[in-house]
Amino acid sequence: MDIRFYNTLTNSVQTFQPVDAGCVRMYSCGPTVYDFAHIGNFRSFLFADVIRRTLEFFGYRVHHVMNITDVGHMTDDASADGGGEDKMEAAAKRMKADKKSGKVTAGAVENPDDPYQIAEYYTKAFLEDAQTLGLRVAFEPDNILKATQNIDTMQEMIATLIQRGHAYVGPDGVVYYSVESFPDYGKLSGNTLDRLLTGAGGRISQENQSAKRHPADFMLWKADRHHIMKWDSPWGTGYPGWHIECSCMARKRLEKDVIDIHTGGEDLIFPHHECEIAQSRGATGADAFARFWMHARFLMVEGEKMSKSKGNFWTVRDVLEGRATGVKVHPAVLRLELIKSHYRANMNFTRKGLQDSAGVVKRLTDFRSKLEAASGGKSEPADLSHPVLKEFAEALADDLNIAGALGAVLPWAASVPTDPAMALGVLNRINDVLAVAPLATAESSAADDSDDSDGILQLCQQLDKARAGRDYATADRIRSEITAAGYDVKTSPQGTVAQKRLA
RNA sequence: GGGGCGGUGGCGAAGUGGCUAACGCUGCGGAUUGCAAAUCCGCCAUUCGUGGGUUCAAAUCCCACCCGCCCCUCCA
């Protein structure tokens, strides 16, 4: 079956073919570790995870890597030659405040003035969140790449770019990439040099551009002894530009000049990915860096753009622990909510959507239980000759149409299959992609189920007793007590069972 | 100003030339229940942003217009 993906590079849906039939190489722009990752970040990361799992579903071996940006970049170093406050320093301030308020556990970060400790703290938090949400790459330490551990590779590439005439040292001592040396600059984003000049609404000219040959030239290395994280280099002690790490780490870890897929959020199309292409192709001379560039659109929250000032800026932890919606949310529910609509449309994160997703997770989970009971836990290997799996696969192959794929799965999950072992095999393959029923996570997430389950069990028994004695007033009171504790109550002749609500 | 994405029932969301426009939620009717919840059965868009056009046939193609969103500035 042909797999077709939308490629930002060509603005069209194309049939996917890896460079090397034996292995798909993909790179995903990961988080900056100055703060906890939010659900918008994770929409993009989970989108990458779904691509990876889809390719694996179709039998490809996938080498997926993700970077961790732990270099302390400046708050507005993207357009000019660096400026504003260092993000790591800003994080240090926040960290100190959080330690005082108890938001960050006392022993977690010994010295907030040490940027490496801050980066380490948030990196660990990110990987925990990523594992909780079933991001496969987060379970592969070798494929999580840290910028600070690859500075030497970046310096090598910068030297190559200078040598090949793609970069120069400006009069201010900063190493810049010369966009005019790369004719394809702008091909990915549509922001070609002539358009950038005429269309930027005057923003470009306001900046201090005097050291650059072209206003769109971007920084590769800046000597700055005062920067909080700095390294020695032929161009002075300082720090790398914010685009260079991805070009270098992708090539180094994936061991190819041309990779298959590069993913990120839509905001990264320009300038970040445009600059990565210029760097990589400038250094390698290849006619491509990644063959497919895939971008997830932004997430909205209750119809509004997520922003700190609106107070709708939710981290993964906020949602799971109930600070976003007032109800604790199972990780599988959040995962499904973030992957279930098409990645190329803005998705609206809502409380109602979360409840819908909870219903779907419950249905799939219940279906699995029924199948396991009926088949004795045995599953038959399933292939695409099964109509449900075929429809599921066709939807996925059509540019990751998860909604369409669910449209095939959900009615089936409400049916009673004649061959439960085969159905279980089908469900297993479906769940290899969706990873919501069950969600394979770090052990930590299941823990909070047990804390009050003894009490709930007792209440269920009391409820049965009251019902047996036809004391319905008491029975109703107990039932609302269990419900209020966040459980769904199922009464039956076999006895009452309480099930924790997923969201 | 430049570069993109999208407008389908109360809500979310598939479908890109031709069966009665998927699927999920909500709602309604029924079974079940002490009453509920859960579950099961059934029903719910003559219509696809607007106006034209092409065609035997269009939500799907063409033209025009309206609206929303994103990027071009730190951001996934």
Side-chain angles (χ1 to χ4, degrees), chain A residues 6 8 11 28-32 34-35 37-48 73-80 84-85 87 90 186 188-192 194-204 206-207 216 242 263-272 274 295-300 303 305-308 313 337-338 340-342 344-348 350 352-353 355-360 362-363 366 391 395 398 401-414 416 467 470-473 475-476 479-480 482-483 487-493 496-499:
Chain A
Y6 183 90
T8 307
N11 286 325
S28 297
C29 280
T32 52
Y34 317 124
D35 204 345
H38 55 71
I39 53 176
N41 298 128
F42 267 94
R43 154 118 139 140
S44 162
F45 304 149
L46 287 170
F47 150 66
H73 289 295
M74 307 305 265
T75 46
D76 50 79
D77 68 351
S79 50
E85 190 181 17
K87 288 183 194 162
L188 178 73
S189 61
N191 291 329
T192 50
D194 52 322
R195 284 173 180 151
L196 275 174
L197 282 174
T198 56
R203 268 180 290 220
I204 279 179
Q206 288 164 14
E207 293 163 9
W242 75 299
T263 74
E266 62 174 319
D267 57 317
L268 296 184
I269 297 171
F270 189 87
H272 187 54
E274 196 71 75
H295 297 96
R297 299 248 100 86
F298 267 124
L299 173 107
M300 316 286 283
K305 187 172 174 172
M306 190 164 62
S307 72
K308 283 187 175 160
F313 196 92
E337 179 62 15
L338 291 175
K340 77 178 177 188
S341 64
H342 195 90
R344 268 190 306 119
N346 291 119
M347 82 148 286
N348 192 12
T350 61
K352 185 174 181 299
Q355 283 164 344
D356 278 8
S357 294
V360 171
K362 185 178 182 313
R363 181 183 287 194
D366 289 351
E391 208 181 326
D398 180 18
N401 183 358
I402 299 278
L406 285 171
V409 173
L410 292 178
W412 173 67
V416 182
R467 291 185 71 229
R470 295 177 183 268
D471 180 1
Y472 294 123
D476 289 348
R479 183 165 61 203
S480 41
I482 303 174
T483 305
Y487 287 76
D488 287 327
V489 182
K490 281 205 268 191
T491 51
S492 77
T496 298
V497 176
Q499 224 176 15

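- For the C1' atoms, the distance from B:G49 to B:G9 is 15 Å, rounded to whole Å.
- The interatomic distance linking A:His295 (NE2) with B:G3 (C1') rounds to 13 Å, in whole Å.
- Residue A:Asn191 places no side-chain N or O under 4.0 Å from the OP1 or OP2 atom of B:G3.
- Nucleic acid contact for A:Phe313: none, since no nucleic acid atom lies under 4.0 Å from a heavy atom of the residue.
- A:Tyr34 has its OH atom 14 Å from the C1' atom of B:A76, to the nearest Å.
- Nucleotides B:G18 and B:U50 are separated by 25 Å at their C1' atoms, to the nearest Å.
- A search for side chain to side chain contact (heavy atoms under 4.5 Å, CB included) contacts involving A:Thr350 returns A:Glu302, A:Asn348, A:Lys352, not counting sequence neighbours.
- Within the 4.0 angstrom heavy-atom criterion, only backbone atoms of the sugar-phosphate kind lie near A:Arg363; the bases stay farther away.
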Restricting to nitrogen or oxygen on both sides, can you table the protein-nucleotides 6-14 of chain B pairs closer than 3.5 Å?
unit_1: B:A14; atom_1: O3'; unit_2: A:Asn401; atom_2: ND2; d: 2.7

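- A donor and an acceptor atom never sit less than 3.5 Å apart when one is taken from the side chain of A:Arg467 and the other from the base of B:C35.
- Across all strands, A:Gly264 comes closer than 4.0 Å only to sugar-phosphate atoms, never to a base (heavy-atom distances).
- Only the P atoms considered, B:U60 is 15 Å distant from B:G15, to the nearest whole Å.
- Side chain of A:Glu391 to backbone of A:Ala408: no donor-acceptor contact under 3.5 angstrom is found.
- In this structure the side chain of A:Leu338 reaches within 4.5 angstrom of the side chain of A:Leu299, judged on heavy atoms.
- For the C1' atom pair drawn from B:G6 and B:G42, the interatomic distance equals 35 Å after rounding to whole Å.
- Distance noted for atom C1' between B:A21 and B:C35: 40 Å (whole Å).
- Take A:Asp476 and apply the salt bridge (Lys or Arg N to Asp or Glu O under 4.0 Å) test, not counting sequence neighbours, and it matches A:Arg479.
- At least one donor-acceptor pair under 3.5 Å links the side chain of A:Arg43 to the backbone N or O of A:Arg297.
- Within 4.0 Å of A:Gly407, counting heavy atoms only, lies at least one base atom of the nucleic acid.
- No hydrogens or angles considered: a donor-acceptor pair under 3.5 Å links the side chains of A:Ser357 and A:Lys340.
- Straight-line distance from the OH atom of A:Tyr472 to the P atom of B:G34: 6 Å, rounded to whole Å.
- The main-chain N or O of A:Leu410 is found under 3.5 Å from a side-chain atom of A:Arg363 such that the two form a donor-acceptor pair.
- Mapped onto RNA chain B by nearest heavy atom, A:Pro31 and A:Tyr6 fall at different nucleotides, with A:Tyr6 at the one closer to the 5' end.
- Contact annotation for A:Ile269: no contact, since no heavy-atom pair falls under 4.0 Å across all strands.
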